[in-house]
Amino acid sequence: MEHTTLGKTKEKISRIGLGAWQFSEAWGLTDYEKAKAVVSRALELGINFFDTAMVYGNGLSEAMLGKALKELGVKRDEVVVTTKIPADFLNPLDIPRAVEKSLKLLGLGYIDALLVHWPPAWHNYPTRVYARALEKLVNSGAVRYLGLSNFPVELVESFRSSLSRADVEVFQHRYNLVERWAEEEVIPYAESCQITVQAWSPIAKGALTGKYTPENLPRFADVRAADPVFHPSNFAKVYELVKLLKAVGEKYGKTPTQVALNWLIASSPVVVPIPGAKSPEQVEEIAGAAGWRLRLEDWRLIDEASRAVSISYSVYYVEREVKV
Ligand SMILES: NC(=O)c1ccc[n+]([C@@H]2O[C@H](COP(=O)([O-])OP(=O)(O)OC[C@H]3O[C@@H](n4cnc5c(N)ncnc54)[C@H](OP(=O)(O)O)[C@@H]3O)[C@@H](O)[C@H]2O)c1
């Protein structure tokens, strides 16, 4: 496994992390032993960077990840775990309460990096108020580093300027070969400030793996039930790219999943994909995305084909026949 460092810190993290949203009802993996097998294989393959969140299974993901790490005998400094606090909890009453619960569920003693899951809407929490409340957790040692997920750079700037001593070390953004908006502002900003970008949905929730075809688009019973990427009119375009990933991968003895993830790590030194996996076999494939590089001509070929894919997010609305 290749490694890099987290933000401006000295923390060593694997070049590919593991997302643990899968350990929840949303993705259907609620059997602890199955989740433990996923974590175990990830550790064996050198993955030490794990992501979870308070809202994943309403604590179930944090609990399963923490229990697995404990039962597998992992030493505290061998892993770097990020968890996320939802925007709804960003008031001075809820922040310490929620973090205390998260610490209990994870059982790790401290949180390596706590990210704000998404910017607050509806509650009108001022940025400086929650930034300072979060910094207190760093000062107390409950949290080592702070991060922001799904924040636009304007708000990142405002958050950072509200901190006294701590800084933002990690971002988390949707970033994959068919959803590349993060390249416009967020990734250049992160590169200039040495902030790690955890790429979420790095294989477009499975759409880039080659497992699904336009003829075999299962009706998902999970979080993907109405995902625009899998809508037939979008997926037809995505699938053209999958065919290219397959053809390129054959030259290297790699799968479309591995090519899609390798393209991301080859694109920016700060990007660290955090794919989710539901089995040890999926983890093996994911881990095999690091330790090699696409040749520039192949990277460019994929870049060009991926730019030709545009996803419509209004598709379910626009294409719906509304009768009254
Ligand atoms: N900050 C945020 O707002 C946010 C949002 C979303 C996710 N995240 C984080 O990012 C992580 C990953 O994102 P994601 O879960 O949305 O999507 P993803 O990683 O792009 O896709 C994961 C899914 O792809 C399929 N898959 C994985 N490995 C595979 C393989 N080797 N071969 C074939 N299929 C494979 C599995 O589903 P099937 O086998 O069922 O097809 C798996 O559940 C999450 O776990 C979470 O930690 C953060």
Side-chain angles (χ1 to χ4, degrees), residues 16-30 34-35 38-39 41-42 45 47 49-57 60-62 64-65 80-87 113-119 147-152 170-179 181-182 186 196-213 216-225 227-230 235 238 242 245-246 249 254-264 271-290:
I16 303 271
L18 183 78
W21 183 18
Q22 275 58 28
F23 307 164
S24 67
E25 298 81 359
W27 285 91
L29 201 171
T30 51
K34 286 190 181 154
V38 168
V39 175
R41 195 71 189 112
L45 294 166
I47 293 176
F49 194 34
F50 295 88
D51 176 62
T52 180
M54 295 177 189
V55 297
Y56 297 165
L60 186 65
S61 168
E62 288 179 313
M64 295 222 270
L65 177 63
V80 175
V81 176
T82 57
T83 190
K84 305 186 285 292
I85 181 166
L114 177 69
L115 288 79
V116 178
H117 206 150
W118 60 86
L148 297 173
S149 168
N150 306 312
F151 272 59
V170 55
F171 285 166
Q172 199 170 119
H173 287 271
R174 184 197 295 258
Y175 186 43
N176 61 58
L177 272 168
V178 292
E179 298 172 291
W181 284 103
V186 170
T196 296
V197 181
Q198 293 177 305
W200 64 256
S201 289
I203 45 177
K205 294 194 167 71
L208 294 171
T209 62
K211 180 170 164 183
Y212 305 108
T213 66
N216 169 34
L217 260 183
R219 282 187 170 272
F220 295 112
D222 58 31
V223 71
R224 295 170 286 192
D227 193 304
V229 172
F230 288 96
F235 191 78
V238 173
V242 173
L245 298 180
K246 199 161 181 255
K254 299 287 177 186
T255 66
T257 303
Q258 292 170 330
V259 174
L261 292 171
N262 193 271
W263 190 92
L264 296 181
V271 169
V272 178
I274 48 163
K278 290 159 76 176
S279 65
E281 293 73 27
Q282 287 188 346
V283 179
E284 278 161 29
E285 207 172 319
I286 281 163

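One-based numbering along the sequence shown. Remember, predicted model here, so these are calculated numbers, not experimental data. In listed order, ligands and their atoms are each counted from 1.
Side chains of Thr83 and Glu62: a donor-acceptor N/O pair is present below 3.5 angstrom, by distance only.
The option from Ala199, Gly276, Ala277 that lies nearest to atom 27 (C) of ligand 1, judged by heavy atoms, is Gly276. Checking Lys84, Lys278, Gln282 against atom 29 (C) of ligand 1, the nearest heavy atom belongs to Gln282.
Every atom of ligand 1 is numbered from 1 in the order shown, and the set under 4.0 Å from a heavy atom of Gly206 is 21 (O), 24 (O). Atoms of ligand 1 lying under 4.0 Å from at least one heavy atom of Ala204, given by number and element, are 20 (O). Distances below 4.0 Å separate heavy atoms of Ile274 from the following atoms of ligand 1: 9 (C), 10 (O), 11 (C), 12 (C). Short contacts between ligand 1 and Lys205, defined as distances under 4.0 Å to a heavy atom of the residue, involve ligand atoms 16 (O), 17 (O), 18 (P), 20 (O), 21 (O), 24 (O). If you number the atoms of ligand 1 from 1 as listed, the ones under 4.0 Å from a heavy atom of Gln172 come out as 1 (N), 2 (C), 4 (C), 8 (N), 9 (C), 48 (C). Ligand-side atoms of ligand 1 in range of His117: 1 (N), 2 (C), 3 (O), range being under 4.0 angstrom from any heavy atom.
Contacts between Ile286 and ligand 1 below 4.0 angstrom, taking non-hydrogen atoms only, involve the side chain exclusively. Contact annotation for Glu281 and ligand 1: no heavy atom of the residue comes within less than 4.0 Å of the ligand. Counting heavy atoms closer than 4.0 Å to ligand 1, residue Lys211 contributes side-chain atoms (C-beta onward) but none from N, CA, C or O. By the criterion of a heavy-atom distance under 4.0 Å, the side chain of Asn150, and not its backbone, is placed next to ligand 1. If you look at Trp27 next to ligand 1, the close heavy atoms, those under 4.0 Å, all belong to the side chain. Counting heavy atoms closer than 4.0 Å to ligand 1, residue Glu285 contributes side-chain atoms (C-beta onward) but none from N, CA, C or O. At a 4.0 Å heavy-atom cut-off, ligand 1 does not touch Glu179 at all. Of the heavy atoms in Ala20, only backbone atoms (N, CA, C, O) come closer than 4.0 Å to ligand 1. In Thr209, the part holding a heavy atom less than 4.0 Å from any atom of ligand 1 is the side chain. Contact annotation for Ser201 and ligand 1: heavy atoms of both the backbone and the side chain come within less than 4.0 Å of the ligand.
Nearest protein heavy-atom contact of atom 37 (O) of ligand 1 is Arg224 NH1, 3.5 Å. Among protein heavy atoms, the minimum distance from atom 2 (C) of ligand 1 is reached at Trp200 NE1, 3.3 Å. Among all protein heavy atoms, the one lying closest to atom 46 (C) of ligand 1 is Tyr56 OH, 3.4 Å. Closest protein heavy atom to atom 47 (O) of ligand 1: Asp51 OD2, 2.7 Å.
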Worksheet item: Can you check side-chain contact (heavy atoms from CB on, under 4.5 Å) on Trp27 and Val223, steps first, answer last?
Response: CA-CA 6 Å; Trp27 285 91; Val223 71; 3.5 Å; yes

Worksheet item: Step by step, would you call Tyr175 with Val186 a side-chain contact (heavy atoms from CB on, under 4.5 Å)?
Response: CA-CA 10 Å; Tyr175 186 43; Val186 170; over 6 Å; no

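Shown are Val238, Val229, Thr257; of these, the side chain to side chain contact (heavy atoms under 4.5 Å, CB included) with Leu208 is made only by Val238. Exactly one of Phe151, Trp200, Trp21, Tyr56 qualifies for a ring pair (Phe, Tyr, Trp, His ring centres under 6.0 Å) with His117. That residue is Tyr56.
Proximity of a side-chain donor or acceptor of Lys84 to a complementary backbone N or O of Met54 within less than 3.5 Å is not detected. In this structure, the side chain of Asn150 does not engage the main chain of Pro119 through any donor-acceptor pair within 3.5 Å. Distance alone, capped at 3.5 Å, places no donor-acceptor pair between the Asn176 side chain and the Ile203 backbone. A donor-acceptor pair is defined here as one N or O able to donate and one able to accept, closer than 3.5 Å; such a pair exists between the side chain of Ser61 and the backbone of Ala20. No donor-acceptor distance shorter than 3.5 angstrom exists from the side chain of Glu285 to the backbone of Gln282, with no hydrogens or angles considered.
Taking the six-membered ring where the residue is Trp, Phe230 and Phe220 present perpendicular rings, their angle passing 60° and hence far from 30°.
For Phe171, the ring pair (Phe, Tyr, Trp, His ring centres under 6.0 Å) test picks out His173, with sequence neighbours left out.
At under 3.5 Å, a nitrogen or oxygen of Trp21, whether backbone or side chain, sits near a nitrogen or oxygen of ligand 1. For ligand 1, the polar-atom distance check against Gln22 finds a nitrogen or oxygen pair separated by under 3.5 Å. Polar contact check, Tyr212 against ligand 1: a nitrogen or oxygen pair lies under 3.5 Å apart. Not one N or O of Pro275 is nearer than 3.5 Å to an N or O of ligand 1, by distance alone.
Taking the centre of each ring, Tyr212 and Phe235 stay at or above the 6.0 Å mark.
Residues Asp51 and Gln198 meet the side-chain proximity criterion, which asks for heavy atoms closer than 4.5 Å.
Applying the 6.0 Å contact sphere to NZ of Lys278 captures more than 12 heavy atoms from other residues, nucleotides or ligands.
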